[in-house]
Q: 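The structure follows.
Residue numbering restarts at 1 for every chain, and letters A, B, ... go by the order of the sequence lines. Remember, it's a predicted structure, so these values are computed and weren't measured experimentally.
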Amino acid sequence: MKEMLPQVKLLPHRYKRYGILVLIVGIPLMMLLTLALIGLGIVTDTKTFFTEWNNPMVYYPIIIGLALLNFSQEKEEDEMVRHLRYQAFMNGVFYLIIGILMLPLFYNAFRLLRGATIEMPDIGGMLGALMLLLIYTYGSFRYKLHQTRKALEADAE
Amino acid sequence: MRNNIKVERAKKDMTQEQLAEALGVTRQTINAIEKNKYLPSTLLALKMSNLFGLTVNELFVLEEGD
C-alpha cells in the first residue's frame, strides 16, 4: 500500500542508551551552548534570547531523549511488546489531549486561589501541535482505510 | 477464550523459555498468552499449533461471550 510518508521504523535497542545520555547531558550542554553563544557575541540581545529562546531550547534535549527512548526497540522485541507500545501511544495521546484541554482550567484555578483574575494561558503552540497530530493521524488512518477497502473491492469474489 | 498451551507444553516437557525460543518471542509473551493476558496474532497462534501438532481450534478454545 502506498504511504503518504515513509513508514516509521524503530531504531535499534542501543538508541535507548543514547536517549538516556541525551536526557542526562542535554540540558547542561544546552546551558553551555547558551553561554558560548553569549560569550562569542553571536547573541547580543540576551534579554530577548532568554525570554524567547532559552526556555524552548531546554525542551530540545528532553524531547530528543524521550523520542529516542520511545522510538527504539526493546532488548527483546516481539508482537506483545509492539502491542503494548501501541496501547501506550494511544493512551499517551488521549491523556495528552485531556491534559492540554484542561490546562486553562487548572491554571485559572490556581490563579483564583491566589486572588488573581482569570486569563487564558499561553498554550497556543501546544494546541497547534496537538491539532496537527490529530489531523495527521486521522487523515493517515482514513487514507489507509480507503486504500485497503479499494484494494479489497478490486479483489472481491 | 481459554487455551491449552500450558498442558501441551507440559506434554512436550517444554519450559516457557524453550517454547518462546522456538517461536521467536519472549518468555513473558508465552506467560501472558497462557494466563490469557494477551491474545496472540494469527501467525503466532498458527506457529504454536504447528509446533504442538494440533489445530488452532484445539489449542485455543472460544468460550461463551467471546
Q: For the CG atom on Asn91(A), are there more than 12 heavy atoms of other groups (residues, nucleotides or ligands in this structure) within a distance under 6.0 Å?
A: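 Yes.
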Q: Assess whether atom CZ of Arg17(A) is packed by more than 12 heavy atoms of other residues, nucleotides or ligands within 6.0 Å.
A: no
Q: side-chain contact (heavy atoms from CB on, under 4.5 Å) with Asp78(A): which of Val25(B), Leu23(B), Ile30(B)?
A: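 So, applying the side-chain contact (heavy atoms from CB on, under 4.5 Å) to Asp78(A) and each of Val25(B), Leu23(B), Ile30(B), only Val25(B) qualifies.
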Q: Got a sec: does the CG of Asn36(B) have more than 12 other heavy atoms crowding it under 6.0 Å?
A: yes
Q: About how many Å separate CE of Met80(A) and NZ of Lys37(B), when rounded to the nearest 0.5 Å?
A: 11.5 Å
Q: Are there over 12 heavy-atom neighbours, none belonging to Tyr60(A), within less than 6.0 Å of that residue's OH?
A: no
Q: What distance separates Gln28(B) CD from Glu76(A) CD, expressed to the nearest 0.5 Å?
A: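 It is 6.5 Å, given to the nearest 0.5 Å.
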Q: Are side-chain N/O atoms of Glu79(A) and Ser41(B) paired as donor and acceptor at under 3.5 Å?
A: yes
Q: Between Thr29(B), Leu39(B), Leu43(B), Ile33(B), who has the most heavy-atom pairs with chain A when the cutoff is under 4.5 Å?
A: Thr29(B)
Q: Please check if atom CE in Met1(B) has more than 12 non-hydrogen atoms from other residues, nucleotides or ligands closer than 6.0 Å.
A: yes
